[in-house]
2 protein chains.
Amino acid sequence: MRDGSKTRAKIESEALRLFAEKGVAGTSVRDIAAAVGVAEAALYRHFPSKDALSRSLFLEGYARLAADVVAVGETQQPIETKIGQVVDLFCRLFDDNRSLFSFLLLAQHAHLADVPEGREGNVVEAVKNIFTRAIEHGDIRKEDPDLLAALALGIVAQPAIFTIYGRLSGPLIARAPDLTRAIWAAVR
Amino acid sequence: MRDGSKTRAKIESEALRLFAEKGVAGTSVRDIAAAVGVAEAALYRHFPSKDALSRSLFLEGYARLAADVVAVGETQQPIETKIGQVVDLFCRLFDDNRSLFSFLLLAQHAHLADVPEGREGNVVEAVKNIFTRAIEHGDIRKEDPDLLAALALGIVAQPAIFTIYGRLSGPLIARAPDLTRAIWAAVR
DNA sequence: CCTACCGATCGGTAGG
DNA sequence: CCTACCGATCGGTAGG
């Protein structure tokens with residue numbers, strides 16, 4: 001009882017689940033409190049507002065994913081290998097924490113403005129930088145790296161969305177080789 | 001003044017714009033009425049509820065796009081040409097009516113369950129059927145047509161989203177050849 | 001105009 | 001004495 005960290009963790013996981021399912025606007029503080037099993041006022045012991053809770057969840061998840069992508073980008077490997085590793089990263093995030101993946105997808109519009117502009121913290125920038133360097137090294141054709149990033153992200157995101165909607169089934173990691181192949185074909 | 005069709009049309013266009021900008025949950029009936037320049041009660045002369053208005057806008061736009069995709073699919077042309085024509089369809093919808101495009105994108109989750117299951121009314125089904133027939137004719141490799149549809153839709157949708165967010169600029173139709181090329185490379 | 005629900009805040013309490 | 005949590009309630013805004 002003295003340690004609120006368990007309650008805090010449950011607030012985060014239940015809020016993430018509800019936000020991913022019904023959107024932030026569609027989720028009330030009452031919904032979250034009921035799912036956690038505490039009074040509404042208890043939430044305000046841990047987060048100053050619903051919006052701050054949403055923002056905190058987004059920025060934390062987004063920054064971690066971005067850091068993972070940056071780490072792949074900084075290695076000295078062929079671009080094709082890097083693409084495969086980033087695809088695996090996204091697929092595993094989807095399979096292991098679908099709520100977080102969905103939430104990052106749909107909360108982008110609300111919170112992307114809060115993301116620091118530096119290449120470190122931004123997933124799209126991190127993906128784009130991988131392509132920028134590949135172009136500089138002559139490994140892929142010369143093309144707007146923002147467009148290449150869009151193609152790659154779309155090729156991963158849309159199958160993920162189809163899986164959420166039940167149009168595709170099974171873990172996304174099983175499709176990772178297909179997705180890597182598609183990205184490589186689309187950008188080379 | 002006696003003819004309410006002008007008011008109805010303005011309700012539809014203003015609601016579409018606001019729904020696309022701020023989401024359905026983030027848009028109040030008061031917002032819509034203020035944008036149209038009528039009292040809130042006037043909206044209820046034309047639509048029984050906000051949800052019905054949202055559903056009507058979605059189903060109408062979705063059905064029209066689906067019909068256009070079906071029309072391309074039913075022609076006797078090489079698959080590569082069909083892909084190019086469907087890409088043009090999406091790009092032109094985005095450029096000419098971005099509000100509708102954005103709204104269809106973000107309201108899918110809420111209203112996709114209301115779409116009739118038949119191949120006629122469903123955009124994804126229409127795209128999928130084009131690939132299914134191409135596989136039957138041996139024009140592209142044998143692969144889950146749902147996955148191929150996801151790849152193609154992701155390759156168009158993500159650059160559109162990047163354009164909305166300001167990461168890409170200019171009309172999407174200018175990128176149509178690139179997108180067609182990317183889809184063809186990814187699915188062949 | 002009505003009713004339902006929203007986010008947020010209050011003073012109080014109880015385990016440790 | 002501290003603080004995580006509670007029940008009750010606030011003013012405001014929503015759809016209808």
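Because the structure is predicted, anything quoted here is derived from the model rather than measured. We name chains A, B, ... by the order of the sequence lines, and we start the count at 1 in each one. Hydrogens, waters and symmetry mates are skipped; everything else that's a heavy atom, side chains included, is used.
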Donor-acceptor contact below 3.5 Å, side chain A:Gln108 vs main chain A:Leu105 = yes

Residues in contact with DNA chain C, drawn from residues 21-29 of chain A - heavy-atom cutoff 4.0 Å = A:Thr27, A:Ser28, A:Val29

Residue A:His46, side-chain atoms from C-beta onward, closest of D:dG16, D:dC5, C:dA8 = D:dC5

Whole angstrom is fine here: how far is it from CG in B:Asp31 over to C1' in D:dA14?
-> 11 Å

NZ/NE/NH1/NH2 to OD/OE distance under 4.0 Å, A:Arg17 and A:Glu14 = yes

Between B:Glu40 and A:Asp51, whichever has its closest DNA chain C nucleotide further toward 5' is B:Glu40

Find out whether B:Gln158 and A:Val156 are in side-chain contact, i.e. whether some heavy atom of one side chain is under 4.5 Å from a heavy atom of the other.
-> no

Could you state the atom-to-atom distance from CZ of B:Phe47 to P of D:dG15 in whole Å?
-> 15 Å

Closest non-hydrogen atom pair between B:Ala126 and B:Val69, with its separation = CB-CG1, 3.5 Å

Tell me, which pairs form a side-chain hydrogen bond (donor to acceptor under 3.5 Å, both in side chains) where one or both residues lie in residues 171-188 of chain B, sequence neighbours left out?
-> B:Glu80-B:Trp184

Is there a donor-acceptor contact under 3.5 Å from the side chain of A:Tyr62 to the main chain of A:Asn122?
-> no

Rounded to whole Å, the CZ-P distance (A:Arg30 to C:dG7) equals 7 Å

Hey, is the main chain of A:Glu125 close enough, under 3.5 Å, to the side chain of A:Asn129 for a donor-acceptor pair?
-> yes

Of all the nucleotides listed (C:dG12, C:dG7, D:dG16), which has the minimum atom distance to the side chain of A:Lys50?
-> C:dG7

Length of the line joining B:Leu53:CG and D:dG15:C1', which is rounded to integer Å | 13 Å

Rounded off to whole Å, could you give me the OH-to-P distance for the A:Tyr44 and D:dG7 pair?
-> 16 Å

Would you mind telling me which of D:dA4, D:dC6, D:dA14 lies closest to the side-chain atoms of A:Arg45?
-> D:dA4

Give me the ring orientation class for B:Phe90 and B:Phe101: parallel if the planes are under 30° apart, tilted from 30 to 60°, perpendicular past 60°.
-> perpendicular

Figure out the CD1/P separation between B:Ile32 and D:dA14, and round it to whole Å.
-> 11 Å

Provide, to the nearest angstrom, the distance between the CZ atom belonging to A:Phe19 and the P atom belonging to C:dG7.
-> 9 Å

Please map the stems of DNA chain C, keeping only stretches of three or more Watson-Crick or G-U wobble pairs with both distances under 3.5 angstrom.
-> C:1-16 with D:1-16

Say whether, by atom type as modelled, one donor and one acceptor occur between the side chain of A:Asp68 and the main chain of A:Leu89 under 3.5 angstrom.
-> no

